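Nothing here was measured: the structure is a model prediction, and the numbers come from that model.
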Amino acid sequence: MDHLGVLDARRVMHSLGSNLDKERKFWKSVVIKAASDEVINAKQRDGSAMMIARLAAQFKFLPETCGLAITLMDKFLTTVKVRPKYLLCVTVTCLYIAAKTLEEDENIPPTQDFVRKSGCGNSFAEITRMELVILTKFEWNIRMPSAIDFLHMIHAVLMMHYPHLLTGQDCLTPSEMLMTTLRKLIRCLTCHDMMSFRPSTLALALISLEIEQLTPGWLRIVVVLQRLTNVGSEQLMHCREMMSSFLNQHLNISPQSRSRIPSTSTPRSKKRKVDHHVPMEAEEKDDNIYDGIKRLYGDESEIIASTKRTSCSLEMHQDHEETLMNIPAGHTLLVT
């Protein structure tokens, strides 16, 4: 492997380890309680997740933006008792926050246009107030790894160490495999039953199902990936079975195909800034909100950026599987 390849591999493994640490710290299983007029039910939650996927496709946001938005929504619903009448506002606001966090400024429509085109029926002021509520509840820490993030990292590791995996697959390229798998994963994120699994488990389960279709030696490869992600066999098998059953019932994947694969050439903006047009009487009230938003969205994550640069990396060397098999569970691999 050349020098740049070594650096990319190290960035991916560092990013994977960092996100696994965040997952252990922040992740909680999404539990939907019995239906009630005062509590969000499973059908309503899934409808909101599908709305996020639809709007993300409509605005041509990155798959990661969709994944983060659903993650934020689920975490908020498990943290706060949200009444059904506020769910639409929460849903659109979570996508709004995710877009301002991950998208380039030029890809984000003006706030009032975003609110109008979302069809949520809320006003600009209502979305802004909900944004402050959500960010305050999360203590302005919204860098939560989603299953989409883990899928990118696991796929990158897979392609680095098994570059010949797609040989003879009718010209299926790593980027095409990633795109197809992303669509399936986004579809799975709209099912509340899947939210009892960790994001890393969801990503690995789907990758394992894809690998199973490519090679009879899929299990050995999956065991290697299990060691890197510290995903238990029982959880993985349970997730695989549920995911396989769900996908077989929903073969018509959502229109997320219009979403963009992360660009490896476009530099990320140094500053997040949204042009708000607020009535004069509301300006003073909202000053603190905007200052906080600028502080939050001005913070760029090099880990996420490096992951996106390597998520679609294609031709890397094929490392020896025996070396990977000796890695203790949960340890970070440095490719040399």
Run through Leu95, Thr91, Thr190, Ile70 and flag the one making a side chain to side chain contact (heavy atoms under 4.5 Å, CB included) with Ser48.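 Checked Leu95, Thr91, Thr190, Ile70 against Ser48; only one passes side chain to side chain contact (heavy atoms under 4.5 Å, CB included): Thr91.
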Heavy-atom closest contact ([X] atom, [Y] atom, distance):
X	Y	answer
Phe59	Ser118	CZ-N, 4.4 Å
Cys66	Ala56	CB-CB, 3.9 Å
Ser29	Thr78	O-CG2, 4.1 Å
Gln44	Pro84	NE2-CB, 3.8 Å
Ala69	Ala98	N-CB, 3.7 Å
Thr71	Ser146	OG1-CB, 3.3 Å

Please evaluate residues Arg220 and Val224 with respect to the criterion side chain to side chain contact (heavy atoms under 4.5 Å, CB included), reporting the C-alpha separation (whole Å), side-chain torsions for both, the decisive distance (0.1 Å), and the verdict. CA-CA 7 Å; Arg220 294 184 65 198; Val224 174; 5.9 Å; no
Are side-chain heavy atoms of [X] and [Y] found at a separation under 4.5 Å?
X	Y	value
Leu228	Ile154	no
Leu158	Ile211	yes
Lys60	Asn107	no
Val115	Gln112	no
Met194	Leu189	no
Cys188	Leu247	yes
Ile97	Ile142	yes
Asp149	Pro199	no

Going from [atom1] on [X] to [atom2] on [Y], what distance comes out if it is rounded to the nearest 0.5 angstrom?
X	Y	atom1	atom2	result
Met51	Leu55	CE	CG	4.5 Å
Met177	His155	CE	NE2	5.0 Å
Lys100	Ile108	NZ	CD1	7.5 Å
Thr93	Glu126	OG1	CD	9.5 Å
Thr229	Asn19	OG1	CG	12.5 Å
Met159	Ser175	CE	OG	10.5 Å

Membership question, hydrophobic clusters at under 4.5 Å side-chain separation (ILVMFWY): are [Y] and [X] in the same one?
X	Y	value
Met73	Trp27	no
Phe76	Phe26	no
Ile221	Leu209	yes
Ile207	Met237	no
Ile40	Met50	no

Just by modelled atom types, is the [Y] backbone N or O under 3.5 Å from a matching donor or acceptor in the [X] side chain?
X	Y	result
Thr128	Phe124	yes
Ser245	Met242	no
Ser244	Arg240	no
Ser208	Ala205	yes

Please walk me through it: do Ser200 and Leu204 pass side chain to side chain contact (heavy atoms under 4.5 Å, CB included)? CA-CA 6 Å; Ser200 57; Leu204 181 56; over 6 Å; no
So, Lys43 and Asp46, do they make that salt bridge, N to O below 4.0 Å?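 Not counted as a salt bridge, because no side-chain N and carboxylate O are separated by less than 4.0 Å.
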Below 4.0 angstrom, N of the basic side chain to O of the carboxylate: do Arg45 and Asp74 qualify?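 Answer for the salt bridge query: yes.
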Please step through side chain to side chain contact (heavy atoms under 4.5 Å, CB included) for the pair Leu202 and Phe150, ending with a clear verdict. CA-CA 9 Å; Leu202 287 169; Phe150 282 111; over 6 Å; no
The test is side chain to side chain contact (heavy atoms under 4.5 Å, CB included); show your working for Thr111 and Ile127 and say whether it passes. CA-CA 9 Å; Thr111 307; Ile127 295 295; 5.7 Å; no
ring-ring contact (aromatic ring centres under 6.0 Å, His included): pairs with one or both residues in residues 206-229, sequence neighbours excluded: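 For residues 206-229, and leaving out neighbouring residues, there are no ring-ring contact (aromatic ring centres under 6.0 Å, His included) pairs at all.
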With a 6.0 Å cut-off (strictly less than), is the heavy-atom count around CZ of Phe138, excluding the residue itself, greater than 12?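 Atom CZ in Phe138 is crowded, with more than 12 foreign heavy atoms closer than 6.0 Å.
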